[in-house]
**Q** 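Submitted below is the structure of interest, expressed as structure tokens.
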Amino acid sequence: MRVAVIGRGLIGSAAARHLARAGQDVVLIGPDEPQGKASHRGVFASHYDEGRITRGLDPAPFWSRVSRASIARYAEIEAASGIRFYTERGVVMAGPEGSAPMDRIGEVAVRDGVPHARLDDAGLAARFGYFRFDRGTCAFHQTLEAGFISPRRLVAAQGVAAERAGAHLLRATVEAVEEDGQGVRIRSEIGETRVDRVLIAAGGYTNTLLSAPLPLTVMARTVGFFEVDEGEAARFHAMPPLIYLHPHGDGPYLLPPIRYPDGRFYLKMGGDPVDRVLGSGDEISDWFRSGGDPAVAAGLEEQLRDRMPDLTIRGVSHMACVTTFTPEDEARIERVSDRVGVATAGCGRGAKCSDELGRLGACLITDGVIGDTPAMV
Ligand SMILES: Cc1cc2nc3c(=O)[nH]c(=O)nc-3n(C[C@H](O)[C@H](O)[C@H](O)COP(=O)(O)OP(=O)(O)OC[C@H]3O[C@@H](n4cnc5c(N)ncnc54)[C@H](O)[C@@H]3O)c2cc1C
């Protein structure tokens with residue numbers, strides 16, 4: 001069977017690897033990361049940087065399970081591609097003692113056997129004295145099978161592994177997906193491709209390729225980058241990613257100093273105070289081109305200086321990104337017709353678990369059902 005995967009992002013490139021390994025004739029279609037984002041006229045993606053937090057701890061059983069299934073395959077993907085993307089550094093998830101999200105993380109961790117330590121005020125001060133928390137904060141600390149990944153390098157690794165397993169890569173932006181009696185016709189700026197089935201994994205742009213839109217909500221996100229010098233990066237070489245969960249659920253996340261392609265070290269922080277919905281493909285692209293909201297970035301800087309008062313920051317910049325949500329707050333992996341399916345909606349958490357979301361998408365488009373993520377204990 002000839003299958004096309006549209007979207008060379010985290011989920012699409014994972015799906016292509018799984019399909020190729022299963023012996024399907026796969027073509028993976030999507031453009032490269034644009035150079036010069038402000039003037040780029042095409043589509044963008046949500047993986048254009050070097051840090052995504054990865055962890056098995058999560059308040060939601062679905063996300064914990066698909067994440068642990070993916071993390072268990074990181075070494076296999078690194079070996080199959082020769083590209084390293086994972087740094088095991090642990091993770092800290094903190095929040096007010098007794099709040100609902102913290103209770104849920106504890107319940108999921110205990111039920112599914114996710115190894116962790118629980119820290120109170122004194123434990124946090126002893127172990128992570130460089131973070132400042134309000135009194136009454138508790139935290140879950142997962143030391144193994146957690147840390148951060150480079151999303152760019154994971155995409156590259158999945159692409160190489162998919163090609164080595166037999167997938168073909170087409171560097172193109174799809175303009176239309178049309179079904180007829182014989183199969184599916186995919187139109188792009190480089191011509192037409194005919195396939196039997198299509199999996200659309202186009203991130204925030206997924207609905208732009210569907211005749212009937214799915215209930216996907218694309219949110220504008222601003223990411224702050226805080227440059228530190230080599231000395232400061234060395235001083236925080238053991239710092240794990242930190243997620244702070246407010247009682248209502250959302251909260252800012254922080255990644256430790258990571259070296260970027262320009263050779264410099266940046267901490268990365270995100271967590272928008274308000275949700276701004278982006279309606280159309282053009283709105284999404286306009287948002288990416290805008291580079292993000294300076295007021296949100298200023299708020300992130302204030303929070304970082306409060307959280308790490310001792311950190312010496314030598315430069316501040318920001319970037320735009322988008323996250324895609326579903327009403328059920330779980331990824332959408334679904335057939336929209338006999339020949340077309342989607343695998344999308346990371347709900348702000350889809351990088352670490354993209355290999356499992358891609359695997360489920362691959363099952364869906366070949367078998368018609370997604371089956372279960374195996375229990376990981
Ligand atoms: C600021 C930010 C921080 C995040 N932090 C984390 C984190 O710490 N941990 C975590 O697990 N997750 C995190 N996420 C979420 C994660 O990055 C996303 O869930 C993930 O990128 C979704 O993968 P995707 O494959 O659906 O989309 P993408 O990675 O965006 O890939 C979609 C691909 O589709 C392609 N495409 C679009 N339209 C077309 C078209 N017409 N034709 C062909 N190709 C097309 C694009 O070029 C792109 O390559 C974060 C997201 C953001 C924005």
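Both ligands and their constituent atoms are indexed starting at 1 by order of listing. For the numbers below, each heavy atom of this structure counts, side chains included, while hydrogens, waters and symmetry mates do not.
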**Q** Tyr260 and ring pair (Phe, Tyr, Trp, His ring centres under 6.0 Å): which single residue from Phe226, Phe265, Tyr48, Phe225 fits?
**A** Phe225
**Q** Is there side-chain contact between Ile6 and Val198, with heavy atoms separated by less than 4.5 Å?
**A** yes
**Q** Do Glu50 and Ser150 get their side chains close enough for a donor-acceptor pair, meaning under 3.5 Å?
**A** yes
**Q** Going by distance only, is there an N or O of Thr344 that falls short of 3.5 Å from an N or O of ligand 1?
**A** no
**Q** Angle class for the Tyr130/Phe128 ring planes (parallel below 30°, perpendicular above 60°, tilted otherwise)?
**A** perpendicular
**Q** Hey, are the side chains of Gln158 and Asp355 touching, using non-hydrogen atoms and a 4.5 Å cut-off?
**A** yes
**Q** Would you say Ala351 has any N or O atom under 3.5 Å from an N or O of ligand 1, going by distance alone?
**A** yes
**Q** Run the numbers for me: atoms of ligand 1, each under 4.0 Å from some heavy atom of Pro31, listed by number.
**A** 43 (C), 44 (N), 47 (O)
**Q** With a 4.0 Å cut-off, would you call Arg111 and Glu107 a salt bridge?
**A** no
**Q** If you measure every N/O of Tyr253 against every N/O of ligand 1, is any gap under 3.5 Å?
**A** no
**Q** Flag the pair Arg259 and Asp262 as a salt bridge only when some basic side-chain nitrogen lies within less than 4.0 angstrom of an acidic carboxylate oxygen.
**A** no
**Q** In terms of side-chain heavy atoms, does Arg17 have a donor or acceptor partner in Ser13 at a distance below 3.5 Å?
**A** no
**Q** Of the non-hydrogen atoms in Ala139 and Met102, which two are nearest, and what is the gap between them?
**A** CA-CE, 4.1 Å
**Q** Would you say the side-chain atoms of Ser337 and Glu179 include a donor-acceptor pair closer than 3.5 Å?
**A** yes
**Q** Counting only nitrogen or oxygen atoms and a 3.5 angstrom limit, does Arg221 reach ligand 1?
**A** no
**Q** So which protein heavy atom does atom 40 (C) of ligand 1 come closest to, and at what separation?
**A** Val174 N, 3.7 Å
**Q** Determine, using heavy atoms of Ser354 and all atoms of ligand 1, whether some pair is separated by less than 4.0 Å.
**A** no
**Q** To the nearest 0.1 Å, how far is atom 46 (C) of ligand 1 from its closest protein heavy atom, and which atom is that?
**A** Phe44 O, 3.6 Å
**Q** What atoms in ligand 1 come closer than 4.0 Å to a heavy atom of Thr323?
**A** 51 (C), 52 (C), 53 (C)
**Q** Which protein non-hydrogen atom lies closest to atom 52 (C) of ligand 1, naming both residue and atom, and how far is it?
**A** Cys321 SG, 3.4 Å
**Q** Before signing off on this row, confirm whether Ala343 and ligand 1 have an N or O atom pair separated by under 3.5 Å.
**A** no
**Q** Can you check whether a protein heavy atom sits less than 4.0 angstrom from atom 22 (C) of ligand 1?
**A** no
**Q** Atom 27 (O) of ligand 1: which protein heavy atom is closest, and how many Å away?
**A** Gly203 CA, 3.5 Å
**Q** Does any N/O atom on His47 come nearer than 3.5 Å to any N/O atom on ligand 1?
**A** yes
**Q** Suppose I only count heavy atoms of Gly30 and a 4.0 Å limit; which atoms of ligand 1 are within that range?
**A** 43 (C), 44 (N)
**Q** Does any part of the side chain of Met269, heavy atoms only, come nearer than 4.5 Å to the side chain of Glu301, both counted from C-beta?
**A** no
**Q** Give the contacting part of Arg52 toward ligand 1: side chain, backbone, both or neither, where contact means a heavy-atom distance below 4.0 Å.
**A** both
**Q** Does Glu302 have more than 12 heavy atoms from other residues, nucleotides or ligands lying within 6.0 Å of its CD?
**A** no
**Q** Give me the nearest non-hydrogen protein atom to atom 35 (C) of ligand 1 as residue plus atom name, then the distance to 0.1 Å.
**A** Gly7 CA, 3.8 Å
**Q** Counting heavy atoms only, which of Ile186, Asp58, Val43, Ile53 comes nearest to atom 7 (C) of ligand 1?
**A** Ile53
**Q** So, are Glu76 and Arg21 salt-bridged, with charged N and O less than 4.0 Å apart?
**A** yes
**Q** Check whether NZ of the Lys or CZ of the Arg Arg89 lies under 6.0 Å from the centre of the six-membered ring of Phe148 and within 45 degrees of that ring's axis.
**A** no
**Q** Does Leu10 reach ligand 1 with a nitrogen or oxygen that is under 3.5 Å from one of the ligand's nitrogen or oxygen atoms?
**A** yes
**Q** Counting from 1, what ligand 1 atoms have a heavy atom of Ala201 closer than 4.0 Å?
**A** 32 (C), 33 (C), 34 (O)
**Q** Among all protein heavy atoms in this structure, tell me which lies nearest to atom 31 (O) of ligand 1, with the distance rounded to 0.1 Å.
**A** Gly9 CA, 3.2 Å
**Q** Have a look at Gly271, Gly224, Ala202, Ala172 and point out the one with the heavy atom closest to atom 37 (C) of ligand 1.
**A** Ala202
**Q** Could you list which atoms of ligand 1 come closer than 4.0 Å to a heavy atom of Val322?
**A** 53 (C)
**Q** For Gly204 and ligand 1, does the shortest N/O to N/O distance drop below 3.5 Å?
**A** no
**Q** Thinking salt bridges, do Arg359 and Glu356 make one under a 4.0 Å N-O criterion?
**A** yes
**Q** Can you list the ligand 1 atoms lying under 4.0 Å from a non-hydrogen atom of Ile6?
**A** 42 (N), 43 (C)
**Q** Closest non-hydrogen protein atom to atom 30 (O) of ligand 1, residue and atom name please, with distance?
**A** Ser46 N, 2.8 Å
**Q** Among Asp58, Leu57, Ile105, which residue satisfies the side chain to side chain contact (heavy atoms under 4.5 Å, CB included) criterion with Val114?
**A** Leu57
**Q** For ligand 1, find out whether one of its N or O atoms is nearer than 3.5 Å to an N or O atom of Ala45.
**A** no
**Q** Among all protein heavy atoms in this structure, tell me which lies nearest to atom 26 (O) of ligand 1, with the distance rounded to 0.1 Å.
**A** Ile11 CD1, 3.4 Å
**Q** If you look at every heavy atom in Lys37 and Phe44, which pair is closest and at what distance?
**A** O-CZ, 3.6 Å
**Q** Under 4.0 Å, heavy atoms only, figure out whether ligand 1 is touched by the backbone of Lys352, its side chain, both or neither.
**A** both
**Q** Looking only at heavy atoms, is any part of Val223 under 4.0 Å from ligand 1, and if so is it the side chain, the backbone, or both, or is it neither?
**A** side chain
